[in-house]
Amino acid sequence: MSTEILKTSTKTETRNRQRAAESVVNIGLFFNSILAFVKIFAGILGHSQGLLADGINSVSDVIYFVVVKIFVQLSGKPADSEHPYGHHQLESIAALVVGAFVITTGAAIFWDSVNFAFDLFVGTAPQRTVRMFALVVALATIISKIFLMVHANRISQATKNLAISALARDHRNDIFASTGAATGILLSILGMTWVDPVAGAVVALIVAKTGMDILREASSDLMDNVPSKEIADRIHELLYDMDQIESIEGIHAHRFGPYLVVNLTICIDGDLSVKDGDKIADTVESTLISGLEMLRKVYVHYHPAHIKKTKIDL
């Protein structure tokens, strides 16, 4: 009976997590579609290179939000014979897509800003006065992006969804980009026209760096990285009082979306029966699952202590 209750609870948790993630994507897609149109329109009519570049950034946001929406929906599919742990790793793939788009957008904005700054320097750029409504649009963008970032951050912390975490950081990037655009617009209105493209170039570098961070984190999950020291220490702590375990020979963990799967090798008394060894393994599994949040499966291998290999330093 308790097993059925646990399965029902897990399914409910997964559905709630899926709905929360999809709400972040849908809200972000809606706002970015509006902002992309408004910023490009205002950038052209308001003669602001920085706001126009920010609008192009929002267009790329719309594109990869559509991609992430597809991946997030697919990640909610239940486990099957080919994917026994479910499809949660599609969240990491979605994060890779976000990271790639962020880097590409940063590079494009940087190149465009540098070109415009050079044209200003040599005197070939058209001399146009930036209009005040461009500044209003940039400030409105900052306010809306703060709301989107806070919302996405809250959901990513609750669900441990890597794709939503990447989107939250992209919203943060957009705040930097729009702040740079607003600063450039304000100073351009005051007569310092060169600040607009320079601010865009600086922001582009920040955007590209965040894209690299997203790629590194997502690829690390897909490469089945070893557990963090904190997880390894927690496993040692949970099993410390089990006298039947002579030593822990190895710990390997990998993520499936927000969940962890652990492969654990322990050394026990070689004179114990297979039945006793199996009982110890079951105790280890239940102890770790109850003691480690987001741990869904533990594979326990046990060896006789007298043939154990050198203990692995973690």
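In what follows, residues are counted from 1 in the order of the sequence shown.
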Inset, instruction - Side-chain contact test, heavy atoms from C-beta onward, threshold under 4.5 Å: evaluate it for Lys279 versus Val284 and give yes or no. - result: no
Legend entry - Spacing of CD1 belonging to Ile245 relative to NE2 belonging to His236, to within rounding of 0.5 Å: 10.0 Å
Inset, instruction - Provide the closest heavy-atom pair for Ala152 versus His171 in the form atom of the first, atom of the second, distance. - result: CB-CD2, 4.1 Å
Inset, instruction - Check the hydrophobic clustering (I, L, V, M, F, W, Y; side-chain heavy atoms under 4.5 Å; chains of links allowed) and say if Leu190 and Phe133 are grouped together. - result: no
Legend entry - Verdict with reasoning, Tyr302 to Asp269, per side chain to side chain contact (heavy atoms under 4.5 Å, CB included): CA-CA 10 Å; Tyr302 54 88; Asp269 186 352; over 6 Å; no
Legend entry - side chain to side chain contact (heavy atoms under 4.5 Å, CB included) evaluation trace for Ile155 with His151: CA-CA 6 Å; Ile155 299 300; His151 179 247; 4.1 Å; yes
Legend entry - Derivation of the side chain to side chain contact (heavy atoms under 4.5 Å, CB included) call for Ile266 and His301: CA-CA 6 Å; Ile266 60 175; His301 310 273; over 6 Å; no
Legend entry - Validation row: Thr283, Ile280 side chains within 4.5 angstrom (heavy atoms): no
Legend entry - Hydrophobic cluster identity match, Leu148 and Val137, side-chain contacts under 4.5 Å: yes
Inset, instruction - Rounded to the nearest 0.5 Å, what's the gap from OG1 on Thr287 to CE on Met242? Could you check? - result: 5.5 Å
Legend entry - Arg172 vs Asn153 side-chain heavy atoms within contact, under 4.5 Å: no
Inset, instruction - Can you see which heavy atom on Ser33 is nearest to which on Leu29, and at what distance? - result: OG-O, 2.7 Å
Legend entry - Polar side chain donor-acceptor pair, Ser273 to Asp276, under 3.5 angstrom: yes
Legend entry - Interatomic spacing from NZ in Lys145 to CG in Asp174 - rounded to 0.5 Å: 4.0 Å
Legend entry - Donor-acceptor under 3.5 Å (Ser144 side chain, Thr141 main chain): yes
Inset, instruction - Could you tell me whether the side chain of Phe31 reaches within less than 4.5 Å of the side chain of Ile27, counting heavy atoms only? - result: yes
Legend entry - Closest approach of Leu139 to Ala182 (non-hydrogen atoms, all atoms of both residues): CD2-CB, 4.3 Å
Inset, instruction - Please round to the nearest 0.5 Å and tell me the distance separating atom CD1 of Ile189 and atom CE of Met192. - result: 11.5 Å
Legend entry - Cluster overlap Leu45 with Leu135, hydrophobic side-chain contacts below 4.5 Å: no
Legend entry - Closest heavy-atom pair and its distance - Leu272, Ile268: CD1-CD1, 4.3 Å
Inset, instruction - Mind checking the CD1-SG spacing from Ile248 to Cys267? Nearest 0.5 Å is all I need. - result: 9.5 Å
Inset, instruction - Decide yes or no on side chain to side chain contact (heavy atoms under 4.5 Å, CB included) for Asn263 and Val300, but give the supporting numbers first. - result: CA-CA 6 Å; Asn263 288 280; Val300 183; over 6 Å; no
Legend entry - In one Ile/Leu/Val/Met/Phe/Trp/Tyr side-chain cluster, 4.5 Å: Ile185, Met132: yes
Inset, instruction - Determine whether Val38 and Ile34 make a side-chain contact, defined as any pair of heavy atoms from C-beta on separated by less than 4.5 Å. - result: yes
Inset, instruction - Answer with yes or no whether the hydrophobic clustering places Phe147 together with Ile142; edges join I, L, V, M, F, W, Y residues whose side-chain heavy atoms lie under 4.5 Å apart. - result: yes
Legend entry - Shortest non-hydrogen separation from Met149 to Ala168 and the atoms involved: CG-O, 3.7 Å
Legend entry - Between CG on residue Leu238 and CD1 on residue Ile289, distance to nearest 0.5 Å: 12.0 Å
